> 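Dropping a structure here in structure tokens format, bear with me for questions.
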Amino acid sequence: IQQDYTTLLPVDAASEGTNPVPDSLWRRYSEFEQLRNYLLVTYPFLVVPPLPEKRAEFVWHKLSADNMDPDFVERRRVGLENFLLRVASHPDLSTDKIFYSFLTEENGWKETVFETGFQAKADSRLKALNATFRVKNPDKRFAEMKHYGDELQSVISQLLRVRARAADRLYGVYKVHGNYGRVFSEWSAIEKEMGDGLQSAGHHMDAYAASVDDILEEEEHYADQLKEYLFYADALRAVCRKHELTQYELEMAAQDLTSKKQQREELATGTIRTFSLKGMTSKLFGQETPEQREAKLKMLETQIEEGEELVKERNGECEEFVKSAWVDIERFKEQKDHDLREALISYAIMQISMCKKGIQVWNNAKECFSKM
């Protein structure tokens, strides 16, 4: 993709520094993926805008599913530009230095992003997110939002499938009108008084049949808008999943602290509440000496102090995550409601216009027949 990105930059940002901002840059799809992965790792509490599909999905059968098809490549270019506009308009993501580097540096931005160490964080987060864990006290709001993400993805998928089937049938109906045109033209050749009227009606039918390509191309634009929110649903669920991980880490730290305090109490009083290998060893081989017990108590005290600090830190991280994530989720919901409402209204207007065009074609044909 080659694109003029200077319009995405703040005026003061574009004028800063000694090196002038280039008019345009070349970027591969994989570079957009790298940028988005960096944003996902750096801002786990934000609903990061999705990239457009790399390969065509939910296509009607006459549309090419080849990812190198010129029309698909152009739609993907528009989708990538939309991704940049989404990031540039985001209150937090727009100020990121790596994003600025992506927009302004022809070479070297990859080295800049790798220097952040985001890949190591991404690998560790990926392992943690793939691990099986269950939060004991899940946040009801995030659980409901995750479920909403599942449902949103489901209904948009169904809507896109219905549209693809409708596009197939619509294409057939329009092309059949081309047969009307051919038949009327052939008929006009054997008629004298009726010939001109039949031929004119045939021309109207031919024009109607040919117009379907532009109509369905416009439909693809609305389908791409729906697909964006199909992928946004994944981004929304990712935030909820990361909150679960943050909550899980807090619960594990608290559980470990409780265990250490219990060990301290057992060691200080000489009573063992739960079965343990150490307790069985003590019974078999005798009790520890006072010096050994004192050393262990001292070590436990240190571990408890560290554990309390860790729990405090994890609790702060969790509270900050919830606060930041919920602000962005509310922002996303407002954006989603506005965008989908506008897209559906525009789609309905297009359908109405298409129906009016069909009525006009048959009104024109009626006029042709009336003059015969």
Side-chain angles (χ1 to χ4, degrees), residues 37-47 92 115-147 149 236-329:
N37 287 337
Y38 159 78
L39 295 174
L40 284 169
V41 172
T42 309
Y43 305 94
F45 46 84
L46 298 181
V47 184
D92 298 315
E115 285 172 5
T116 65
F118 91 96
Q119 195 60 53
K121 294 178 186 176
D123 292 340
S124 63
R125 279 276 172 178
L126 185 62
K127 290 177 183 177
L129 288 172
N130 287 335
T132 302
F133 62 84
R134 183 176 292 276
V135 176
K136 293 180 180 178
N137 300 302
D139 188 312
K140 186 179 178 182
R141 293 178 302 170
F142 282 92
E144 290 175 350
M145 191 54 61
K146 185 179 178 184
H147 177 69
L236 181 62
R237 291 186 304 179
V239 173
C240 297
R241 181 71 170 163
K242 288 166 190 171
H243 172 262
E244 285 182 359
L245 179 59
T246 305
Q247 180 71 25
Y248 179 75
E249 289 173 343
L250 170 61
E251 290 180 359
M252 288 299 98
Q255 183 178 313
D256 186 61
L257 177 60
T258 301
S259 175
K260 290 287 191 296
K261 287 182 176 180
Q262 184 176 322
Q263 290 177 39
R264 180 182 63 182
E265 183 182 348
E266 290 173 353
L267 201 61
T269 60
T271 58
I272 300 175
R273 296 183 180 181
T274 57
F275 172 81
S276 68
L277 186 61
K278 289 183 179 180
M280 183 60 70
T281 304
S282 297
K283 289 183 179 181
L284 291 173
F285 300 104
Q287 295 291 330
E288 297 169 319
T289 63
E291 290 80 10
Q292 289 175 322
R293 188 183 294 111
E294 188 64 32
K296 283 190 175 182
L297 275 171
K298 190 174 181 180
M299 182 179 68
L300 279 171
E301 288 292 350
T302 302
Q303 291 176 345
I304 288 170
E305 286 180 11
E306 293 172 351
E308 287 173 340
E309 283 300 314
L310 182 60
V311 168
K312 185 179 178 181
E313 180 184 331
R314 291 275 189 262
N315 195 51
E317 289 175 357
C318 197
E319 288 178 356
E320 187 60 33
F321 187 102
V322 170
K323 181 181 176 182
S324 300
W326 209 250
V327 168
D328 198 55
I329 286 172

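Just so you know, residue 1 is the first one in the sequence shown, and it goes up from there. What you see is a predicted model; the values in this text were computed from it and never measured.
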> Near Glu294 CD, under 6.0 Å, is it more than 12 heavy atoms from other residues, nucleotides or ligands?
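Atom CD in Glu294 is not packed in, count stays at 12 or less.
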
> Return the set of residues passing ring-ring contact (aromatic ring centres under 6.0 Å, His included) with Phe321 (not counting sequence neighbours), or none when no residue passes.
His243

> For Lys242 and Pro44, which heavy atoms make the closest approach, and how far apart are they?
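Heavy atoms only, the tightest pair is CD-O, 3.4 Å.
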
> Got a second to check how far Met145's CE is from Ile329's CD1, nearest 0.5 Å?
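Between atom CE of Met145 and atom CD1 of Ile329 there are 5.5 Å.
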
> Taking side-chain hydrogen bond (donor to acceptor under 3.5 Å, both in side chains) as the definition, give me every residue that meets it alongside Ser259, ordered by chain and number, with sequence neighbours left out.
Gln263

> Quick test of your reading: applying ring pair (Phe, Tyr, Trp, His ring centres under 6.0 Å), list the pairs with at least one residue in residues 291-310, sequence neighbours left out, ordered by first then second residue.
none

> When rounded to the nearest 0.5 angstrom, what distance separates NE2 in His147 from SG in Cys240?
12.0 Å

> Give, for atom CG of Leu310 and atom CZ of Arg314, the distance between the pair rounded to the nearest 0.5 Å.
5.0 Å

> Take Arg241 and Glu244 through the side-chain contact (heavy atoms from CB on, under 4.5 Å) test and state the conclusion after the steps.
CA-CA 5 Å; Arg241 181 71 170 163; Glu244 285 182 359; 3.3 Å; yes

> Let me see the working for Leu250 and Glu317 under side-chain contact (heavy atoms from CB on, under 4.5 Å), right down to the final yes or no.
CA-CA 9 Å; Leu250 170 61; Glu317 289 175 357; over 6 Å; no

> I need the Leu267 CG to Gln292 CD distance, nearest 0.5 Å.
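If I round to the nearest 0.5 Å, the distance is 10.5 Å.
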
> Among residues at least two apart in sequence or on other chains, which ones pass side-chain hydrogen bond (donor to acceptor under 3.5 Å, both in side chains) with Gln247?
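Here the qualifying residues are Glu251.
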
> Could you give all pairs that pass the side chain to side chain donor-acceptor pair (under 3.5 Å) test and reach residues 318-328, with sequence neighbours left out?
His90-Asp328, Asn315-Glu319, Glu320-Ser324, Trp326-Glu330, Asp328-Arg331

> Please report the closest heavy-atom contact between Gly149 and Leu236, naming both atoms and the distance.
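Scanning both residues completely, I find the closest heavy atoms to be CA-CD2, 4.3 Å.
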
> What closest approach, in Å, do Leu257 and Gly307 show between heavy atoms, and which atom pair accounts for it?
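That closest heavy-atom pairing would be CD1-C, 4.0 Å.
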
> Measuring from Lys296:NZ to Met299:CE, what's the distance to the nearest 0.5 Å?
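Here the rounded value is 7.0 Å.
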
> Please test Leu46 against Asp92 for side-chain contact (heavy atoms from CB on, under 4.5 Å), starting from the C-alpha separation and ending with a verdict.
CA-CA 9 Å; Leu46 298 181; Asp92 298 315; 3.8 Å; yes

> Which heavy atom in Ala325 sits nearest to a heavy atom in Val239, and how many Å separate them?
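Distance-wise, the nearest heavy atoms are CB-CG1, 4.0 Å.
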
> Could you grab the distance from atom CZ of Arg293 to atom CG of Leu300, nearest 0.5 Å is fine?
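Atom-to-atom, Arg293:CZ and Leu300:CG are 12.5 Å apart.
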
> In chain order, what residues pass the salt bridge (charged side-chain N to carboxylate O under 4.0 Å, His left out) check against Asp256, with sequence neighbours excluded?
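Salt bridge (charged side-chain N to carboxylate O under 4.0 Å, His left out) check on Asp256 returns Lys260.
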
> Would Glu308 and Lys261 count as a salt bridge (charged side-chain N to carboxylate O under 4.0 Å, His left out) if you check the C-alpha gap in whole Å, the side-chain angles of each, and the deciding distance to 0.1 Å?
CA-CA 10 Å; Glu308 287 173 340; Lys261 287 182 176 180; 3.6 Å; yes

